[in-house]
Amino acid sequence: MKAQWCRSVAMDLGVYQLRHFSISFLSSLLGTENASVRLDSSSSGASVVAIDNKIEQAMDLVKSHLMYAVREEVEVLKEQIKELIEKNSQLEQENNLLKTLASPEQLAQFQAQLQTGSPPATSQPQGTTQPPAQPASQGSGPSA
């Protein structure tokens, strides 16, 4: 009998502490004074409803802030995706142009470098650096 009474008191104390914490937390979130939200033990049913309403208001406020932040982030990411798609398209066009202008031996050398994993050679045969650069700049002009 004594153990059951102790559990009941402990339960009541825990509920009271939880309510007090909830009220303090919600008051700080909603910017209200703690005194205006105090619990009256005689009207616990009404105060539970009031607490539930305050919790719901706080959750709605948090939800709206999160949704706003998520929407902003989505817009930023959409813009980044759009820029990356444009950049990818431009690079694909440039790559195709360079492939058409490259000699078969340059392509073979490039394929060999890809397979061995070695970096591209910085010194190229004479005359191969200038001709591809000029048509590439001419080809990228109309595409822009």
Side-chain angles (χ1 to χ4, degrees), residues 4 6-144:
Q4 190 176 21
C6 286
R7 275 191 224 135
S8 175
V9 170
M11 180 83 84
D12 289 344
L13 181 61
V15 168
Y16 173 77
Q17 288 175 341
L18 181 60
R19 286 181 180 167
H20 181 68
F21 172 77
S22 297
I23 290 169
S24 300
F25 178 71
L26 289 173
S27 296
S28 67
L29 269 181
L30 299 174
T32 60
E33 289 297 319
N34 201 14
S36 66
V37 196
R38 288 206 186 269
L39 284 179
D40 182 9
S41 61
S42 63
S43 60
S44 63
S47 53
V48 168
V49 171
I51 291 171
D52 287 346
N53 288 338
K54 294 290 184 180
I55 290 172
E56 190 173 338
Q57 288 174 357
M59 289 173 61
D60 287 344
L61 182 64
V62 169
K63 179 182 172 185
S64 65
H65 283 292
L66 283 174
M67 290 302 292
Y68 179 75
V70 167
R71 284 187 190 109
E72 282 185 347
E73 187 67 21
V74 165
E75 290 303 316
V76 168
L77 292 173
K78 281 182 180 179
E79 187 63 32
Q80 288 178 349
I81 289 170
K82 181 180 173 186
E83 291 171 3
L84 289 171
I85 288 172
E86 291 173 0
K87 180 72 173 173
N88 187 38
S89 175
Q90 178 186 359
L91 290 173
E92 284 178 348
Q93 289 175 353
E94 183 179 338
N95 188 31
N96 288 333
L97 179 64
L98 290 173
K99 280 182 183 178
T100 59
L101 296 174
S103 68
E105 56 202 29
Q106 289 173 324
L107 289 175
Q109 180 185 9
F110 181 70
Q111 289 296 331
Q113 288 173 348
L114 285 178
Q115 290 173 354
T116 61
S118 63
T122 54
S123 62
Q124 295 189 2
Q126 292 179 353
T128 57
T129 307
Q130 284 298 333
Q134 290 172 349
S137 63
Q138 292 171 354
S140 64
S143 65

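When a residue number appears, it is its place in the shown sequence, counting from 1.
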Can any side-chain N or O of Asn88 pair as donor or acceptor with the backbone N or O of Leu84 at less than 3.5 Å?
no
Which residues pass the side chain to side chain contact (heavy atoms under 4.5 Å, CB included) test with [X], sequence neighbours left out?
X	result
Ala102	Gln106, Leu107
Ile81	Ile85
Leu91	Lys87, Glu94

Pairs involving residues 62-77, ordered by first then second residue, that meet side-chain hydrogen bond (donor to acceptor under 3.5 Å, both in side chains) (sequence neighbours left out):
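Pairs touching residues 62-77 that pass the test: Tyr68-Glu72.
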Got a sec, which pairs hit side-chain hydrogen bond (donor to acceptor under 3.5 Å, both in side chains) with one end in residues 76-86, sequence neighbours left out?
none
Nearest 0.5 Å, what's the [atom1]-[atom2] distance between [X] and [Y]?
X	Y	atom1	atom2	answer
Ser47	Asp52	OG	CG	9.5 Å
Lys54	Ile51	NZ	CD1	11.0 Å
Asp60	Ile55	CG	CD1	12.0 Å

If the condition is side-chain hydrogen bond (donor to acceptor under 3.5 Å, both in side chains), which residues does Thr116 pass it with, not counting sequence neighbours?
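Expected list: Ser118.
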